[in-house]
Asks: 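Please see the structure below; I have some questions.
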Amino acid sequence: MRNHSLASLAVVALATATLSCAPADQGRVTEEDVAAINQAREMETEGVGSADANTAVAAYTDDVVFMPPNEPTINGTAALRTWFADAAGMFDLNVEYTSSNIVVSGDWAIEHYAGTATFAPKDGSDAMIEQLKGIHIYRRQVDGTWKISHDVWNTDAPPPEL
């Protein structure tokens, strides 16, 4: 778990350093950028909620770095598609974002978000509700859409007992 925390810190530090070196006028967030970023996030949540791994993965770049809590890093959409499909096979999933703060610099954007994830086991046992917080790093695509290139998240739950 410590390696994931250090890796998460490194991603945030790199993103912060990148934005702090950008010209001041590139930090402005336009309504169009926010709408396009929201569209990518909505595609992700729609895919997760409908157990459609292809829709969920369509919100991510081909070279995505996905860092869920207490698990190894997942690299690329093929591996992420498998991860989503495996999760959907075990749980009915629902993710709701409750807050979002977006900073844009050129073709990159960083979103600090919070939300709730509900994991309802398919075996009928009690659902788990987790408070989420994380960082999405988006990259503008050639067609002007935005996709998530890095997804680093964790929960407010205490770590598992050893």
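Keep in mind it's a predicted model, so treat the numbers as computed, not measured. Every heavy atom of this structure was used, including side-chain atoms; hydrogens, water molecules and symmetry mates were not.
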Asks: Return the CD to CH2 distance between Glu71 and Trp83, rounded to the nearest 0.5 Å.
Replies: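 Atom-to-atom, Glu71:CD and Trp83:CH2 are 6.0 Å apart.
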
Asks: Can any side-chain N or O of Ser50 pair as donor or acceptor with the backbone N or O of Glu46 at less than 3.5 Å?
Replies: yes

Asks: On the ring face of Tyr97, is Arg41 found with NZ or CZ under 6.0 Å from the centre and within 45° of the axis?
Replies: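 Relative to the ring axis of Tyr97, which defines the angle, Arg41 lies inside both limits.
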
Asks: Kindly compute the distance separating CD1 (Ile148) from NE2 (His136), expressed to the nearest 0.5 Å.
Replies: 4.0 Å

Asks: Could you check Thr77, Asn75, Thr73, Asp151 and say which one makes a side chain to side chain contact (heavy atoms under 4.5 Å, CB included) with Phe66?
Replies: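 So, applying the side chain to side chain contact (heavy atoms under 4.5 Å, CB included) to Phe66 and each of Thr77, Asn75, Thr73, Asp151, only Asp151 qualifies.
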
Asks: Does the side chain of Arg81 come within less than 4.5 Å of Asn54's, by heavy atoms?
Replies: yes

Asks: Between Thr155 (side chain only) and Glu130 (backbone N and O only), is there a donor and an acceptor less than 3.5 Å apart?
Replies: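 Such a contact is absent between Thr155 side chain and Glu130 backbone.
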
Asks: Within a 6.0 Å radius of atom CG on Asp126, are there more than 12 heavy atoms belonging to other residues, nucleotides or ligands?
Replies: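 For Asp126, atom CG is not crowded (no more than 12 foreign heavy atoms under 6.0 Å).
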
Asks: Considering only NZ, NE, NH1 and NH2 on the basic side and carboxylate oxygens on the acidic side, decide whether Asp33 and Arg140 come within less than 4.0 Å.
Replies: yes

Asks: As an exercise, state the distance from CE of Met128 to CZ of Phe91, rounded to the nearest 0.5 Å.
Replies: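 One finds 4.0 Å between CE of Met128 and CZ of Phe91.
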
Asks: Closer than 4.0 angstrom, basic N to acidic O: yes or no for Arg139 and Asp63?
Replies: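 Salt bridge flag = yes for Asp63 with Arg139.
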
Asks: May I ask you to test the Thr116-Leu132 pair for a side-chain heavy-atom distance under 4.5 Å?
Replies: no

